[in-house]
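A quick write-up on the structure given underneath.
Values below: all heavy atoms of this structure, side chains included; hydrogens, waters and symmetry mates excluded.
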Amino acid sequence: MIHIDKNTVQETLIIPLYARRLCAEVYPDMLYDAEAERLIANLDYDFSEKGKLMHTKAGLFGALEVAQRHYDITCEVESYLAAHPEACVVNLGCGLDTTFRRVDNGHCTGYNLDLPDVINVRNALLPAGEREYNIACDLNDFSWMQRIGFDEQKGAVFFAAGVFYYFKTEQVVALLSAMAKAFPGGKIVFDACNKIGAKMMTKTWLKEAGITDVGAYFSLSNAAKALSGICDSIETVTAKGYMNGYRRIDRRFGTFNRVMAGFGDAVIKMQIVRIDFRL
């Protein structure tokens, strides 16, 4: 059993992991992750408080959000791999996510990056497999880029799920600019929302991270306008709705979830952003 202390970096693993387990239970046709149950069973952590919150109507919608985000990002990664089957697949802020194992085509190489405390837990529960590496680093220290076995002919696709909300705007801009220069022909996809959405999150997981004033932290309303000009090495910036942009929340999920999904995409600009780096 791996012990997880409250109010630590390691605790950031808990919400997305529990949401994946809940998805498998409640929305198995949207996201079925058998690994989530095993991982939770191997963590020494009191899930009771978060479990109560997640089983509310709002909490179940949150689980549906996780399922949609996973699907959206998987679509983008698989699309890139279809054209670049031997690419690097890089998970920024990986936690205990298993996306690489789901998209692995037998030819690509996976890199899972997170802070040392998180990677320690990952190494114990999800040791790197064939063509896979778990790398402890601070994403804001760009030396991690030298550890990616990048080949311009093979390409690289990066993704960050639920990560950039914890970064200040200037940190994200600097990171994206450095990546665009270091990985020509690559692509990154990540989720974002506007300032209204970020303020709503201060009542939940951002509060647990000690973030109360979100003004300096990363948020987006118009991704193309905000990010297209930050670096000459960026070719295109596009965005789709997080909840309904890749597959729709239909009548099966009830009126509450359909209204919330529409509100999320339209009002708080929940979006999946895709940036293609110039070759």
Side-chain angles (χ1 to χ4, degrees), residues 8-13 16-17 69 73-74 76-77 80-81 84 86-104 107-192 209 211 217-218 227 230-235 237 273-279:
T8 63
V9 172
Q10 290 180 340
E11 196 180 17
T12 61
L13 304 168
L17 177 61
R69 180 175 68 193
I73 288 176
T74 297
E76 292 287 359
V77 172
Y80 190 87
L81 286 175
H84 307 82
E86 296 182 85
C88 299
V89 179
V90 188
N91 189 342
L92 305 176
C94 60
L96 292 174
D97 181 74
T98 56
T99 296
F100 173 70
R101 299 182 185 191
R102 290 173 174 269
V103 303
D104 185 10
H107 303 285
C108 56
T109 304
Y111 296 86
N112 304 303
L113 279 57
D114 216 317
L115 293 168
D117 284 354
V118 175
I119 292 297
N120 287 340
V121 176
R122 185 179 183 92
N123 283 336
L125 297 178
L126 287 171
E130 185 180 2
R131 291 171 288 100
E132 184 180 22
Y133 302 90
N134 293 336
I135 297 177
C137 66
D138 180 344
L139 293 177
N140 293 309
D141 175 356
F142 300 158
S143 62
W144 65 262
M145 297 182 191
Q146 300 169 16
R147 302 177 67 180
I148 306 300
F150 176 66
D151 181 329
E152 191 173 302
Q153 299 301 314
K154 295 179 179 180
V157 56
F158 301 81
F159 62 96
V163 173
F164 289 158
Y165 306 107
Y166 301 93
F167 285 46
K168 292 185 177 180
T169 298
E170 61 267 25
Q171 291 175 319
V172 176
V173 169
L175 176 62
L176 294 176
S177 297
M179 289 175 62
K181 294 171 184 175
F183 303 103
K187 148 175 131 172
I188 182 171
V189 291
F190 58 89
D191 56 308
I211 297 172
Y217 287 82
F218 184 68
L227 300 175
I230 65 172
C231 173
D232 290 340
S233 297
I234 286 178
E235 184 168 11
V237 179
V273 180
R274 166 181 167 172
I275 301 179
D276 293 287
F277 304 149
R278 196 178 306 279
L279 187 61

Rounded distance (nearest 0.5 Å) linking atom [atom1] of [X] with atom [atom2] of [Y]:
X      : Y      : atom1 : atom2 : value
Leu176 : Phe277 : CG    : CZ    : 6.5 Å
Arg147 : Leu113 : CZ    : CG    : 7.5 Å
Leu13  : Leu96  : CG    : CG    : 4.5 Å
Asp276 : Ser233 : CG    : OG    : 13.0 Å
Ile230 : Ser177 : CD1   : OG    : 4.0 Å
Phe167 : Tyr217 : CZ    : OH    : 10.5 Å

Quiz prompt | Sub-6.0 Å ring centroid separation between Phe183 and Phe150 | solution =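 Ring-ring flag for Phe183/Phe150: true, centres closer than 6.0 Å.
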
Quiz item: Are the side chain of Gln171 and the backbone of Lys168 linked by a donor-acceptor contact shorter than 3.5 Å?
Solution: yes

Practice problem: Just jot down the side chain to side chain contact (heavy atoms under 4.5 Å, CB included) partners of Arg102, sequence neighbours excluded, or say none. | Solution: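 Applying side chain to side chain contact (heavy atoms under 4.5 Å, CB included) to Arg102 gives Leu31, Asp33, His70, Thr98.
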
Self-check item: Ala160: side chain to side chain contact (heavy atoms under 4.5 Å, CB included) partners, not counting sequence neighbours
Solution: Leu92, Val163, Phe164, Phe190

Quiz item: Among Asp191, Ile188, Asp97, which one satisfies side-chain contact (heavy atoms from CB on, under 4.5 Å) with Phe159?
Solution: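 Testing Phe159 for a side-chain contact (heavy atoms from CB on, under 4.5 Å) against Asp191, Ile188, Asp97 leaves exactly one candidate, Asp97.
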
Exercise. Pick out which of Leu175, Val172, Val173 makes a side-chain contact (heavy atoms from CB on, under 4.5 Å) with Phe218.
Key: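 With Phe218 as partner, Leu175, Val172, Val173 yield a single side-chain contact (heavy atoms from CB on, under 4.5 Å), made by Val172.
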
Side-chain donor/acceptor pairs under 3.5 Å, residues 126-142, sequence neighbours excluded:
| from | atom 1 | to | atom 2 | distance (Å) |
| --- | --- | --- | --- | --- |
| Arg131 | NH1 | Asp104 | OD1 | 2.8 |
| Arg131 | NH1 | Cys108 | O | 2.6 |
| Arg131 | NH2 | Asp104 | OD1 | 3.4 |
| Arg131 | NH2 | Asp104 | OD2 | 3.1 |
| Glu132 | OE1 | Arg101 | NE | 3.3 |
| Glu132 | OE1 | Arg101 | NH2 | 3.3 |
| Glu132 | OE1 | Gly129 | N | 2.9 |
| Glu132 | OE2 | Asn112 | ND2 | 2.9 |
| Asn134 | OD1 | Asn112 | ND2 | 3.0 |
| Asn134 | OD1 | Arg122 | NE | 3.0 |
| Asn134 | ND2 | Asn123 | OD1 | 3.1 |
| Asn134 | ND2 | Leu126 | O | 3.1 |
| Asp138 | OD1 | Asn140 | N | 2.9 |
| Asp141 | OD1 | Ser143 | N | 3.2 |
| Asp141 | OD1 | Ser143 | OG | 3.0 |
| Asp141 | OD2 | Ser143 | OG | 3.4 |

